[in-house]
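Contents: one structure, followed by commentary.
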2 protein chains.
Amino acid sequence: MFSQDQVWRGTLSSVPGIDATDARLLLALSEDPRATVMALSQTLGLARNTVQARLARLESGGALDPFERRLRPEALGYRLTAYITVTVVQTSLAEVSTGLADIPEVLEVIGLSGVADLLVQVVAVDADDLWRISEQVLAIPGVQRTDTNLALRRFVDHRMAPLLKRAAEA
Amino acid sequence: MFSQDQVWRGTLSSVPGIDATDARLLLALSEDPRATVMALSQTLGLARNTVQARLARLESGGALDPFERRLRPEALGYRLTAYITVTVVQTSLAEVSTGLADIPEVLEVIGLSGVADLLVQVVAVDADDLWRISEQVLAIPGVQRTDTNLALRRFVDHRMAPLLKRAAEA
DNA sequence: GTCCTGGCTGAACAATCTGATCGGTTCCGG
DNA sequence: CCGGAACCGATCAGATTGTTCAGCCAGGAC
């Protein structure tokens, strides 16, 4: 059912880990996502060689999420974001999660502490669409109850910079 | 308080939008985040010029989140992820959200429908750390109640591919 | 029918960057 | 004192970039 990689990620395990230099490298990349290795090495005061090696390690070592992560649903026309908490018949967790995975508008499913509760992030083009998706979720065998909360505003947009800066100084 | 860009994002407004060709381009990029423009143009059967123009438009047009988004907290040593819902004295929403923004471990703050409820994603190195952060959140003036839920497992890791594929075909 | 605009193409250019591979250095733990 | 690991500086041919050109074509405006 799950590939090794998926299990690895699914368990929220730790990954190789990055040091202060890596953090600085990533900060530089944050400012210019498509910066060349040359530019990065100059910014960081490291040899091109070093930067190249570190980048390769990071990119292949599982420290980075796939590129998709940078895509804003709004850009694809999905103007609504909602968080649905789903209560599940305990024994059907796997079944429900694959059912959720089959809905394209489901962006993320996270298992929360508490008994068999899932946090599901979904997007929709409009209210009707969201309704349709909610029904799809409810229709999954094993789902007991859902609670849909519309995202009205982003007060803090997803960020890592503060933690990265801390890591860069350490 | 907020720059134009932050307001723009904060309101969850729509962005320029991407067409089927853009979607295909982004899919190709998902498979190889650091693919060269040359490689992309060959994959897509488009002129290098075209790809370059589209990429520039996407990158500068707000369709993409910053690079940080690809960074996995686990890689930085934050092994725990939690979602905290925060009930706020209605008049203090702005105050609370800036208070939350001051905590580095707060990755994201989203205003949910329902009265003055915030969904806060935080990360922590261990349980003690999470406790400390929870207290910090509770200490913010205007916070009425918090409910912390630990993320135990990712059933569906954040993804956009299904929606991208749909957009690529349309 | 004609004009204009916008997007795509193919081509060219010099300048830069890449990937790969040297040997040499420095530092740390065994 | 001896690896081993990480970094450095340097070299190479070959690929890629940014930029700018003119031509082409479809669709909308007049």
Side-chain angles (χ1 to χ4, degrees), chain A residues 14-68 70-72 74-77 163-170, chain B residues 14-68 70-72 74-77 163-170:
Chain A
S14 77
V15 283
I18 74 181
D19 62 14
T21 305
D22 284 332
R24 251 169 283 142
L25 170 56
L26 291 167
L27 272 174
L29 259 181
S30 295
E31 302 197 358
D32 180 4
R34 289 189 76 80
T36 65
V37 175
M38 285 290 278
L40 292 172
S41 69
Q42 286 188 313
T43 304
L44 301 175
L46 294 175
R48 179 170 75 99
N49 247 345
T50 308
V51 173
Q52 211 144 2
R54 280 178 179 269
L55 250 191
R57 178 165 51 75
L58 288 171
E59 196 84 52
S60 72
L64 294 177
D65 267 326
F67 175 85
E68 294 170 55
R70 291 189 52 204
L71 234 163
R72 302 175 64 80
E74 295 89 335
L76 272 173
L163 295 180
L164 257 189
K165 278 180 189 140
R166 177 191 288 175
E169 288 161 8
Chain B
S14 76
V15 282
I18 75 181
D19 62 14
T21 305
D22 284 332
R24 250 168 283 139
L25 171 56
L26 291 166
L27 271 174
L29 259 180
S30 295
E31 301 196 358
D32 180 4
R34 288 189 76 81
T36 64
V37 175
M38 286 290 279
L40 292 172
S41 69
Q42 286 188 314
T43 304
L44 302 174
L46 295 174
R48 178 170 76 99
N49 250 343
T50 309
V51 173
Q52 211 142 5
R54 281 177 177 268
L55 249 190
R57 177 165 52 75
L58 288 171
E59 196 85 52
S60 72
L64 294 176
D65 268 325
F67 176 85
E68 292 171 57
R70 291 190 51 202
L71 234 165
R72 302 175 64 80
E74 294 91 334
L76 272 172
L163 296 180
L164 257 189
K165 278 180 189 139
R166 177 192 288 176
E169 287 161 9

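Everything numeric in this text was worked out from a predicted model, so none of it was measured. In what follows, every chain begins at residue 1, and chains take the letters A, B, ... in the order their sequences are listed.
- Nucleotide C/dG7 holds its C1' atom 16 Å from the CG atom of B/Leu55, rounded to whole Å.
- Between the CZ atom of B/Arg24 and the CG atom of B/Asp19 there is a distance of 8.0 Å, given to the nearest 0.5 Å.
- Look at CD on B/Gln42: it is 18 Å from P on C/dC8, rounded to the nearest Å.
- Proximity of B/Leu25 to B/Leu58: side-chain heavy atoms (C-beta onward) are separated by under 4.5 Å at one or more points.
- Each end of the helix from C/dG1-D/dC30 to C/dG30-D/dC1 gets its own rotation axis from five pairs of C1' atoms, and the angle between them is 50° to the nearest 10 degrees.
- Atoms CG (A/Leu40) and P (C/dG19) sit 12 Å apart, rounded to a whole Å.
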What nitrogen or oxygen pairs link the protein and nucleotides 9-13 of chain D at under 3.5 Å?
unit_1	atom_1	unit_2	atom_2	d
D/dG9	O6	A/Asn49	ND2	2.4
D/dA10	N6	A/Asn49	ND2	3.1

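- Listed here is the closest heavy atom pair of A/Lys165 and A/Leu27: CG-CD1, 3.9 Å.
- Look at A/Thr50 and you'll find a side-chain N or O under 4.0 angstrom from OP1 or OP2 of D/dC8.
- Rounded to whole Å, the distance from CG on B/Asp32 to P on C/dT18 is 14 Å.
- Per the geometry, CZ belonging to B/Arg57 stands 10 Å off C1' belonging to C/dG7, to the nearest Å.
- Residues A/Glu31 and A/Thr43 fail the side-chain proximity criterion, which asks for heavy atoms closer than 4.5 Å.
- Residues A/Ser30 and B/Glu68 share a closest heavy-atom pair of OG-CG, 3.4 Å.
- Atom CD in B/Glu59 sits about 16 Å away from atom C1' in D/dG18, given to the nearest Å.
- Results of the side chain to side chain contact (heavy atoms under 4.5 Å, CB included) test with A/Leu40 over A/Leu55, A/Asp32, A/Leu46 single out A/Leu55 as the only residue that passes.
- The shortest non-hydrogen separation linking B/Ala75 to A/Ala63 is CB-CB, 3.7 Å.
- For the OP1/OP2 pair of D/dG18 and a distance below 4.0 Å, the side-chain nitrogens and oxygens of B/Gln52 include at least one atom meeting the criterion.
- The separation between A/Met38 atom CE and C/dT18 atom C1' is 10 Å, rounded to whole Å.
- Counting only distance, with no hydrogens or angles, the side chain of B/Arg72 and the backbone of A/Leu64 share no donor-acceptor pair below 3.5 Å.
- Closest of all the heavy-atom pairs between A/Pro33 and A/Arg70 is CB-NH1, 3.5 Å.
- Comparing D/dT17, D/dC7, C/dC8 against the side chain of B/Arg54 picks out C/dC8 as the nearest.
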